[in-house]
Amino acid sequence: DKDIRDSDGAFACVLNALKPDVVLIMSRRIWHAMADENGTKVLSDDSMLGDIYEYRYERGSCLVASTYHPSARISDADWQR
């Protein structure tokens, strides 16, 4: 989890380079480790997206939400098949 927490600087660089309007994080575990670092919670949502944050970057901002990675619902036994 330390590596994930330390990745917020790289995340900020990606936001500055791409300047997205919306970002969907495909891993709740990663998102919960870094969501509060530089984002501002703008909506609490109990649906699949969970909490939605606003991240600011040079000359703009974007909304960021997360969902479970599709593989999270597949058991180890299913991967073995």
Side-chain angles (χ1 to χ4, degrees):
D1 283 336
K2 181 185 180 320
D3 289 337
I4 294 169
R5 285 191 304 276
D6 291 345
S7 67
D8 61 317
F11 186 61
C13 287
V14 169
L15 294 180
N16 282 323
L18 300 178
K19 301 192 180 350
D21 295 319
V22 176
V23 175
L24 179 61
I25 306 294
M26 297 295 289
S27 172
R28 281 271 169 96
R29 183 179 68 84
I30 290 173
W31 182 238
H32 287 297
M34 62 181 281
D36 292 329
E37 294 299 317
N38 294 309
T40 302
K41 188 187 298 187
V42 295
L43 179 67
S44 289
D45 183 0
D46 291 331
S47 73
M48 291 295 291
L49 293 179
D51 296 333
I52 298 173
Y53 287 76
E54 178 183 42
Y55 273 73
R56 302 202 59 72
Y57 51 78
E58 294 172 16
R59 296 183 296 262
S61 66
C62 63
L63 296 178
V64 181
S66 69
T67 190
Y68 296 101
H69 190 281
S71 68
R73 303 203 192 286
I74 299 172
S75 71
D76 290 339
D78 290 333
W79 280 110
Q80 299 295 323
R81 288 188 222 177

Residues I25, Y53; criterion side chain to side chain contact (heavy atoms under 4.5 Å, CB included); working and verdict: CA-CA 11 Å; I25 306 294; Y53 287 76; over 6 Å; no
Side chain to side chain contact (heavy atoms under 4.5 Å, CB included) partners for L63, two or more places apart: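 Result, side chain to side chain contact (heavy atoms under 4.5 Å, CB included) vs L63: V42, I52, E54.
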Nonpolar side-chain network containing L18, other nodes, edges under 4.5 Å: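 Taking Ile, Leu, Val, Met, Phe, Trp and Tyr as members, L18 shares its hydrophobic cluster with V14.
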Shortest non-hydrogen contact between R59 and K19, atoms and distance: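 Scanning both residues, the minimum pair turns out to be NH2-CE, 4.2 Å.
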Closest contact, heavy atoms only, C62 versus V23: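 Nearest heavy atoms, C62 then V23: SG-CG2, 4.2 Å.
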Point-to-point distance, once rounded to the nearest 0.5 Å, from CZ of R56 to CG of L15: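 Reported to 0.5 Å precision, the distance equals 12.0 Å.
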Nearest-0.5 Å distance that lies between atom CG in D51 and atom OG in S66: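 If I round to the nearest 0.5 Å, the distance is 8.0 Å.
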